[in-house]
Amino acid sequence: MGNADLRDLAAIDEVPFDDLSGSVVAVDAHNWLYRYLTTTVRWTNDSIYTTADGEEVANLVGVVQGLPKFFEHDITPVFVFDGSVVDLKDDEVAQRREDREKREERLEEAREAGDELAVARLDSQTQRLTDTILSTTREALELLDVPVIEAPAEGEAQATHMAREGAVDYVGTEDYDALLLGAPLTLRQLTSKGDPELMDFEATLDEHDITWEQLVDAAILMGTDFNEGISGYGPKTAVKAVREHGDIWTVFEAEDVYVDNADRIRDLFLEPAVTDDYEFDREIEPDLEAARAFVCEEWEVAESEVERGFERIEQSVVQTGLDRWT
DNA sequence: CTAGCCTA
DNA sequence: TAGGCTAGG
């Protein structure tokens, strides 16, 4: 059960990067990293990103190559990291474990068969956010003076909270769940080539003439990260049912369907664990020498892989620094 | 309309 | 992962 159904409900528009100039984006760090890891490592030789000790640090390449995108458009990123894993994901967790085991099996087979292309591809899919990846990312961001915030639970929920409070302008994530969490404005595709997509929460509710609670209820009927969803309920049917009957409980009653733990799932979206205990500085003054040393010397990333990224950071930060005085 | 399959 | 296509309700 993907979130493709949710996309159909969402009010989404393209937004030119220029319109985002001067804004602050709370980036779902795990989501961002995961995207970089799966796209950076795919099709490439992973020895470039592996230290002599066998630690995979492709994330550092991702950080150095990914940040210029923000700086060059005068956007301040604030990276929000996940805290403890949220409960109740049993189904999803079990499914992912199953998928991963399958991939690892196939990876073994490909290795034995000497199919290098398949190995590289499967390798990227088995990538996970290891402790090393998370801690080196944090440290690299700190050296580059990019704000880092620790969420009590899900980073996406914390980022959304900050956007709802007005502490940041946008949430940055590929995940449509941000809509269910009530993120007012969500930016997608911040990592890819073209202009980003803007997902508008209020416009979404307006379009379907439903409340936040009803949107969440419809999503539960269609299926979320936390539940399977009921067969036969796509975007149209789910929204219609919720609008007609009021909420998910009356839908259960009237249409003789049921989802386990619906009340708890609802709360995960409507009242997630978040904190007001955060602060950050929008001025970014990277210590490029220290960052270079950290990435290339301490973690042995080939200079050729990050040279251009560091240059772009240097230029874009100097550039925006000058802008402020003119 | 939805689900499932397939491809780019 | 997104979008198109199709069978089936």
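Chain identifiers are assigned alphabetically (A, B, ...) following the order of the sequence lines, protein sequences preceding nucleic acid strands; residue numbering begins at 1 within each chain.
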Give a yes or no on whether the backbone of [Y] and the side-chain of [X] come within a donor-acceptor separation of less than 3.5 Å.
| X | Y | result |
| --- | --- | --- |
| A:Arg138 | A:Val148 | no |
| A:Ser316 | A:Pro68 | no |
| A:Glu174 | A:Gln189 | yes |

Establish, with yes or no, whether the OP1 or OP2 oxygen of [N] is under 4.0 angstrom from a side-chain nitrogen or oxygen of [X].
| X | N | result |
| --- | --- | --- |
| A:Tyr176 | C:dA2 | yes |
| A:Arg188 | C:dA2 | yes |
| A:Thr237 | B:dT2 | yes |

Across all strands shown, which nucleotide pairs with C:dG9 by Watson-Crick or G-U wobble geometry, both distances under 3.5 Å? none
Round to a whole Å and report the spacing from [atom1] of [X] to [atom2] of [N].
| X | N | atom1 | atom2 | result |
| --- | --- | --- | --- | --- |
| A:Leu37 | C:dT1 | CG | P | 14 Å |
| A:Asp8 | B:dT2 | CG | C1' | 11 Å |
| A:Leu221 | B:dA3 | CG | P | 11 Å |
| A:Asn3 | B:dA3 | CG | C1' | 16 Å |
| A:Ile230 | C:dG9 | CD1 | C1' | 17 Å |
| A:Arg7 | C:dG4 | CZ | P | 11 Å |
| A:Asn31 | C:dT1 | CG | P | 9 Å |
| A:Glu197 | C:dG3 | CD | C1' | 13 Å |

Go through B:dA3, C:dG3, C:dT1 for me and flag the one nearest to the A:Ser231 side chain. B:dA3
Between C:dG3, C:dT1, B:dT2, spot the one nearest the side chain of A:Arg35, thanks. C:dT1
Distance-only donor-acceptor check, side chains A:Tyr278 and A:Glu165, under 3.5 Å: no
List the steps, then state whether side chain to side chain donor-acceptor pair (under 3.5 Å) holds for A:Asp177 with A:Asn3. CA-CA 8 Å; A:Asp177 279 10; A:Asn3 294 40; 2.6 Å; yes
